[in-house]
K.L.:
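I have a structure I would like to understand better, so I am pasting it below and will then ask my questions one at a time.
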Protein chains: 2
Amino acid sequence: MSHVVPPFELPMSDPAPVERERADARRNRERILCATARLIDRVGIDCMSMDDVAAEAGVGKGTLYRRFGDRSSLLRALISEPEQAFQDALIRGDAPLGPGAPPDERLHAFGEGVLTFLDSHAVYIQAGERLGGGKRYGHPVYAFYRTHVSLLLGQALGETPHHDYLVDALLGPLSAEPFLYQRDLRGMSVEEICAGWHALCDAVLAQG
Amino acid sequence: MSHVVPPFELPMSDPAPVERERADARRNRERILCATARLIDRVGIDCMSMDDVAAEAGVGKGTLYRRFGDRSSLLRALISEPEQAFQDALIRGDAPLGPGAPPDERLHAFGEGVLTFLDSHAVYIQAGERLGGGKRYGHPVYAFYRTHVSLLLGQALGETPHHDYLVDALLGPLSAEPFLYQRDLRGMSVEEICAGWHALCDAVLAQG
DNA sequence: CACTATAGCGGACTCCAGTCCGCTTTTGTC
DNA sequence: GACAAAAGCGGACTGGAGTCCGCTATAGTG
């Protein structure tokens with residue numbers, strides 16, 4: 001199962017204790033993730049109840065919740081592998097996404113990367129956030145992105161007033177809800193959305 | 001005088017209730033709204049269940065839902081009066097919020113107005129959106145704001161590429177979730193948030 | 001005032017997320 | 001291998017959102 005990943009912590013949020021996983025726990029975790037993917041494929045993300053998942057996986061609800069905490073986290077877990085890969089690419093990957101390119105180029109590459117990621121996965125994130133309730137800003141991924149953009153913007157512009165605000169403003173359109181609105185309700189192509197974000201980014205970069 | 005808003009109709013969030021309201025319906029609507037306000041005051045917005053509201057108001061749940069559709073709409077209804085007043089001020093109020101001032105000034109005034117409104121009411125909107133699920137972009141209020149900002153930006157800059165995208169990007173930080181994040185999690189004052197938005201707005205205006 | 005069509009009403013009901021707690025399996029230790 | 005502690009397990013249970021449908025009050029008409 002390519003989407004099954006060990007329960008590591010997200011980078012730089014935790015020193016990662018990583019205890020050994022019991023065999024039955026591992027088996028059930030895999031079953032649950034597979035069952036979730038199967039169910040989403042069969043009935044759609046909105047009609048998939050947690051009871052369904054437990055039944056499909058052949059485990060009890062208690063097990064499901066012990067593992068994944070809530071619906072939101074379960075859906076996140078489904079995409080944790082590509083999410084991790086993207087974060088790695090930001091830190092260790094090739095330029096311009098990774099280190100080596102000038103900060104403004106990296107910033108543009110970052111936005112494009114997030115939007116491409118959203119194109120594949122926004123539906124899961126959005127569905128998770130819907131019932132999770134305001135998860136976005138509290139999620140470690142947001143903190144990670146924020147640090148990254150803050151750093152790049154600082155490198156590009158130096159100390160500027162409203163630095164922090166502009167970081168959030170740049171990240172705003174890179175979240176699932178606005179993306180899905182633009183793509184599905186406004187009918188924009190991913191290229192158009194990317195181009196729009198580049199324009200926003202340029203505006204902010206020019207401002208400094 | 002290109003910045004004067006032509007007298008065409010902008011979409012309003014609450015199309016006039018053309019039909020006469022039955023006496024019992026009116027009585028119950030008032031009871032429900034009062035009960036909701038009382039309950040929020042007493043137990044807090046998150047602990048207030050719809051059953052509680054119905055019981056406190058002395059009506060059945062059916063009545064509650066017939067009236068207000070869902071929890072999200074009930075919470076919206078609580079602030080519909082000031083919301084309406086703000087929208088009126090945008091169309092018919094004094095400059096710079098209303099017509100008469102140059103578009104860039106009106107844009108700045110709009111942002112400040114929304115943020116001030118959010119400072120009082122974001123909690124209700126956010127609580128509603130949490131269980132409503134992605135209501136923001138589908139809500140008539142968003143369409144109204146969108147039209148308004150689009151018009152002002154168009155007057156200020158003329159036809160520019162990515163016009164629509166930038167409108168959404170400007171509106172992004174003016175929604176409840178980012179606002180509450182900035183105010184309550186990041187500990188920013190409303191003044192700082194306003195100043196940040198002005199900077200964003202200036203960046204976009206300078207870009208054209 | 002009597003009549004009737006219809007808007008309004010209420011609460012039992014369904015469905016689902018998330019919790020609780022007693023039972024089972026695993027793992028480390030001797 | 002025996003044992004105890006710890007980790008894992010499962011499904012009954014709770015509580016709340018939103019629906020359904022038969023009953024009731026209202027307002028318009030003669």
K.L.:
Does N28(B) make a side-chain N or O approach to OP1 or OP2 of dC9(C) shorter than 4.0 Å?
P.N.:
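Yes.
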K.L.:
For a quick test of reading the model: is some side-chain N or O of R71(B) closer than 4.0 Å to OP1 or OP2 of dA17(D)?
P.N.:
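Checking dA17(D) against R71(B), a side-chain N or O does come within under 4.0 Å of OP1 or OP2.
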K.L.:
Quickly work out the R27(A) CZ to dT25(C) C1' distance and round it to whole Å.
P.N.:
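Rounded to whole Å, this separation is 10 Å.
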K.L.:
Quick check: are there more than 12 heavy atoms from other residues, nucleotides or ligands sitting under 6.0 Å from OH of Y124(A)?
P.N.:
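No, the 6.0 Å shell around OH holds no more than 12 heavy atoms from other groups.
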K.L.:
I need the CZ-P distance between R31(B) and dG8(C), as an integer number of Å.
P.N.:
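It works out to 16 Å between those atoms.
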K.L.:
Counting the atoms with a prime plus P, OP1 and OP2 as sugar-phosphate, which does T63(A) contact under 4.0 Å by heavy atoms, base, sugar-phosphate, or nothing?
P.N.:
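Counting heavy atoms under 4.0 Å across all strands, the contact made by T63(A) includes a base.
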K.L.:
Within this structure, what is the CD1-to-C1' distance between I32(B) and dC9(C), rounded to whole angstrom?
P.N.:
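Answer to the nearest Å: 10 Å.
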K.L.:
Are E56(A) and R42(A) close enough for a salt bridge, meaning some N to O gap below 4.0 Å?
P.N.:
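Here E56(A) pairs with R42(A) in a salt bridge, since their nearest N and O are under 4.0 Å apart.
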K.L.:
Can you tell me the distance, in whole Å, between the CZ atom of R67(A) and the P atom of dA17(C)?
P.N.:
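Value for this atom pair: 20 Å.
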K.L.:
Please give, in whole Å, the distance from dC9(D) C1' to D24(A) CG?
P.N.:
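Taking atom C1' of dC9(D) as the reference, CG of D24(A) is at 8 Å.
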K.L.:
For the base of dT25(C), is there a side-chain donor-acceptor partner from R22(A) under 3.5 Å away?
P.N.:
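Looking at the base of dT25(C), it does pair with a donor or acceptor on the side chain of R22(A) (distance under 3.5 Å).
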K.L.:
Contact class for A23(A) vs. all strands (heavy atom < 4.0 Å): base, sugar-phosphate, or nothing?
P.N.:
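Sugar-phosphate, backbone atoms only, no base.
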K.L.:
Once you round it to whole Å, what is the distance between P of dA7(D) and OH of Y65(A)?
P.N.:
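Interatomic distance, OH of Y65(A) to P of dA7(D): 23 Å.
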K.L.:
Aromatic rings H148(B) and F110(B): how do their planes relate, parallel, tilted or perpendicular, breaks at 30° and 60°?
P.N.:
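Ring orientation of H148(B) relative to F110(B): tilted.
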K.L.:
Which one, dC9(D), dG18(C), dT19(D), comes nearest to the side chain of K61(B)?
P.N.:
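Output: dT19(D).
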K.L.:
Parallel under 30°, tilted from 30 to 60°, perpendicular over 60°: which one fits the rings of H198(A) and H108(A)?
P.N.:
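Tilted.
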K.L.:
Consider the side chain of D51(A), meaning its heavy atoms from C-beta on, and name the nucleotide among dG8(D), dA17(C), dG10(D) that approaches it most closely.
P.N.:
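In terms of side-chain proximity for D51(A), the closest of dG8(D), dA17(C), dG10(D) is dA17(C).
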K.L.:
To the nearest angstrom, how far is L64(B) atom CG from dT19(D) atom P?
P.N.:
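About 12 Å, once rounded to whole Å.
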K.L.:
Could you please name the option among dG8(D), dA17(C), dC9(C) that lies closest to any side-chain atom of A25(A)?
P.N.:
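Nearest to the side-chain atoms of A25(A), counting from C-beta on, is dG8(D).
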K.L.:
Specify the separation, in whole Å, of atom CD1 of I45(A) and atom P of dC16(C).
P.N.:
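That distance rounds to 16 Å.
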K.L.:
What nucleotide, of dA25(D), dG10(D), dC16(C), holds the atom closest to the side chain of S49(A)?
P.N.:
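Looking only at side-chain atoms, S49(A) lies closest to dC16(C).
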K.L.:
Kindly say whether A57(A) contributes a backbone atom to a donor-acceptor pair with the side chain of R38(A) at under 3.5 angstrom?
P.N.:
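Not at all, since once roles are kept as given, no pair shorter than 3.5 Å links the two residues.
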